[in-house]
Amino acid sequence: MENRNHYEELFKKEFNKLNYQQKEAVETIENPVMVIAGPGTGKTQVLSLRIAQILKEGVCDAENILCLTYSESGSLAMQKRLSKILGPTASQVSIHTFHSFCNRVIYENPSIFKIRNELELAETIDQYEIIEVLLFNLDESNLLYKHDRNYTYDLKKIHHLFKSIKEEYWDIYKINESINKEIINLKTDDRFIYKRNSKEYKKGDLKQKAYDKEVEQLRKTQSVLELYPAYVKEMKQRDLYDFNDLILNVISEFQINTSLKSRYQEKFQYLLVDEFQDTNGSQFSILKLLTDLWKEESNIFVVGDGDQAIYRFQGANIANLREFEQIFKPKVIELRENYRSTQSILNLAEEFIQDSKERFTGRNTGALHSNSLAEDTKSILITYDTANAEYSDVSDKIELLISNDKVDPVDIAVLFRNNKDAELITKELSNRNIPFSISKELNVIEHPLVHFIMKILEYIEMEYSNPLDNEYTFYEILHAPFIKISALDIALIAFARRKLNLSDPNNSLRKRLSSKEFLESSNVSDVKEVLEVAQIFEILIKEKNDHTVQKLIENIFYQLKVIHFITSTDNSLELMEVINSFYEYVKALSIRIDNMTISDLVQHLNNLKNYNLNIPFVSVSGTKDKIRLSTLHSAKGLEYKHVFIVNAIEKGRKNSNSFKLPPGYSFRNDDTEEEDERRLYYVGITRAKEKLQLSYSTKKSNGKDQKPIDCIRNLENSEFLIHKQGKINEKQTLSSLEIKLSPLRKKYELLSDDKIEQFLETFSLSVTSLEKYLQCPLAFYYEKVLRVPGARSPYMGFGRAIHSALEDWVKNSDSLKNFDSKIFRELIESKMRIYRSHFTKEQFDSFLIKGQSELSRFIQINYHEWGSALKIEPEVNFKNQFYKGVPLSGKLDRIDEYSDGIVVIDYKTGNSDSDSLGKKLKAANDKNQLGGEYWRQMVFYSILNETSKIYRPWKEGIFYFVISNKKDEFVKKSISITEEDKSIVKSQIVDTYAKIVNKEFTPGCQKPECIWCSYLETGVIRIIEEDLEEEDYD
DNA sequence: CTACACAAAGTTTTT
DNA sequence: CTTTGTGTAG
């Protein structure tokens, strides 16, 4: 009883604090009510007090009240607030998200919803995997078919389309029909009709090319739609459901099963809905179904604010607010008293939103009225040159707030549009030792520590099934920060191996690392450490099958002293959280996958990576004493004294991630982006209680200009915003350089001069080494000087097999007289078998088919022409050539001799459709002083021919693309070479060789995509494919 | 107006 | 890799 009185007192006290409109909302418990609640107007308080009021009046019990929220966090916040006011009774009130409510309905009625087995929530990765299998099984004639089986890009688009089909309740057969109609309609569409005469065409003619392209796009969509039924079937087969299924299933059951619906209608007599503006169509349908018994007399209470509708992209619609008004004729109450922000902030927010065309604000407009007692200062907009300057300056300001103004870090938030913006800020904050908490999904899978653990797992698995054949992975692993072999020792090992026959298993990295003699003769400084590491890996591989995956990971942690390493670093807490996130993810996964093996895990993790999905970062240290980093979206509902909104720039508005749909169908939020953006920043601004700073930078990282978001540009003359120009001082530039040095990076040291001189003794410049050095000197150092093992790719295996097959075929003198397709096909197959390890099974099959059919056609088209050559010589090796003292070498695919000179032929096995082809073939000019790489290759060959004088003079250089392009042509490019071309490349040769002799390898090219340059920055090494051409080292 | 070459971009979030 | 926007020449 005492307790009860306590809560009654509490209610009275809280109720008395409310303003007139709030009280009205709390007290109106019968019939539909719609509360328009702007930001900071106390809606959660109103919702909870209203529930208390319903119970106080005794019209029903706590279990007859259903409170629906949009998000889990909203539901949690609601629960907390309610317990405060109601005490234990609060737990009897049903507080659900729409999804958990539907889940409850399904599980309360297993027989009705025909739940066979325990259903499991489909993660995005499950859906991707299902779609990928469907794509793998495609017929060669399907428009979506790709012979390299790389469907990464299509996967996303297909997933997006399938999701929309469910969200929008689309009928795939109807879409299909619309496409058929559209294809006919397009023939008379203005867009595809010539509007005037020209040489080639007449006014009124069909633009065939453009039309065909459009039709192909629509047909592709049809091919995707064809996969949909199989997708749905496979989801059922695996007992998987997705979030849309939850709601859709309940809707369709409520529609046909009146008695089921009635049971819930009777149970829940009082409905309350929070964040109503964020409900989507199907969620609203649930509400309509639950209330269709009483309609305008329903006790339904919704709280929403059209200006804060930011989930449009996933189906939420402001129209729901209007429709609610029409259907339920509710009493509308507007809350316009704001208890959070200063008036300046509210005025600014209003300026942001006032130009919105589509607003639902109820009767009143204008800024909310502030009740804040805080000092009212104007908000600031700062423009910086670069994002680095911006984040650095914002971090400085935060540091000052905490140290000088003694602001509690939890009162500070940095808000941004995209999660990836967070990464740069976290680096700046880490540098200043400012602790932060982040909303979620810092990409743990890309974190260096996780990367290395994944690589180790992958290596153990591969080495177990395919021993001594996974060099490059092992080489990468040695660079892990927790492995105490110095970077110099690794380089010495690589250098000592470069002259060995690497295809001999006895020379494999794994074997050599266990050999004391080898290590000592390589001048390795810490032989003992290397032997120890090698020994640990031997045991891990040997015992692979003796442990569960979890135990194996623990063993890796323990044996390689990962935890010990982490605790020795400055940011050990963050690193522990990263490792813990990974470990927790694996644990959860092992529950989902029965008897999970390492190969299951490795495959799963690689899929995550390939699909660009994340392992969520789980923080265990809480948010205490930390500033908050959050996306604008997830900042909703929260408030901070100091808010920094950064990187407020206009986004590139490309959506290449959707298939073309016929008229009448469109992906959500296609045409309302500007409005959505406005509301999003409105939400951001209204998070601030006292001080707000907006900022953006005018230049992208690549130096190109960028503009701020639209609504900022409209605020040029706002009286509520002070414009400032951010300056870069020297300290800031310095710190933006510092962030590039990760603590996880091993100390970097170049090989000693005598080693490099040793390298130069046998080095001769080939076109690939020249190219490599010009691309990136650091890459040259690693790939050519150290010769680190390269990764394999199917493209490389295919290229080598094809080159080798063509060589053999040309060698046979009968070949050119008579083309025997059967023998040729067999030749290709036998060559591909040699490079078997470059392919997965599926890849091997489709590359083989592709290679056989394309090459046969290629040869049939060309071999007559080749017949007129006096002599054809494949695989010509130029050795011991010199130009101005530079040793040159080269391996040419083929030289055809004619009476008037030689034709040098180079086969290309890659795609000739590529955009960059033209650039690669282009000679050097003022704009591009280097010139294209294919151009340089041919010029280099002509220089070799000139210095060697073995063959007749140069006549022509030809690139043959042996795979047909989209237009089904085999592209053939002839390069004409001038004396000027030769002199340019000659000077490139001399310059480059001089730089190599001078040991100029650092700093590399500094391009962000360069693996070696980024290795120096981050300590993570990710080896990609080897060069196509293998060089001689004898 | 049309064709072609070239560069840029690939969300945001929740369940 | 694919789509889309921009720039340029005809």
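Residue numbers begin at 1 in each chain, while the letters A, B, ... track the order of the sequences.
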**A:Tyr934 six-ring centre to A:Lys908 NZ/CZ under 6.0 Å and within 45° of normal** =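 Because its charged atom sits under 6.0 Å from the ring centre and within 45° of the axis, A:Lys908 does stack over A:Tyr934.
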**Message:** For A:Asp189, give me all partners under salt bridge (charged side-chain N to carboxylate O under 4.0 Å, His left out), at least two apart in sequence or on another chain.
**Reply:**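 Checked A:Asp189 against salt bridge (charged side-chain N to carboxylate O under 4.0 Å, His left out); matches are A:Arg191.
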**Asked** Which residues satisfy the salt bridge (charged side-chain N to carboxylate O under 4.0 Å, His left out) test with A:Glu72, sequence neighbours excluded?
**Response** none
**Message:** What's the gap between C:dT4 and B:dT11 when it is taken at their C1' atoms, as a whole Å value?
**Reply:**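 So the two C1' atoms sit 16 Å from each other.
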Within this structure, what is the [atom1]-to-[atom2] distance between [X] and [N], rounded to whole angstrom?
X	N	atom1	atom2	result
A:Tyr145	C:dC1	OH	C1'	16 Å
A:Phe243	B:dT14	CZ	P	11 Å
A:His160	C:dT3	NE2	P	15 Å
A:His99	B:dT14	NE2	C1'	7 Å
A:Leu206	B:dA3	CG	P	11 Å
A:Lys920	B:dC6	NZ	P	13 Å
A:Asp154	C:dC1	CG	P	12 Å

**Asked** Quick one: on DNA chain B, does A:Lys922 or A:Asn418 contact a more 5' nucleotide (nearest heavy atom)?
**Response** A:Lys922
**Message:** Are A:Tyr682 and A:Phe352 an aromatic pair, judged by ring center distance below 6.0 Å?
**Reply:**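 Aromatic pair excluded; centres sit 6.0 Å or further apart.
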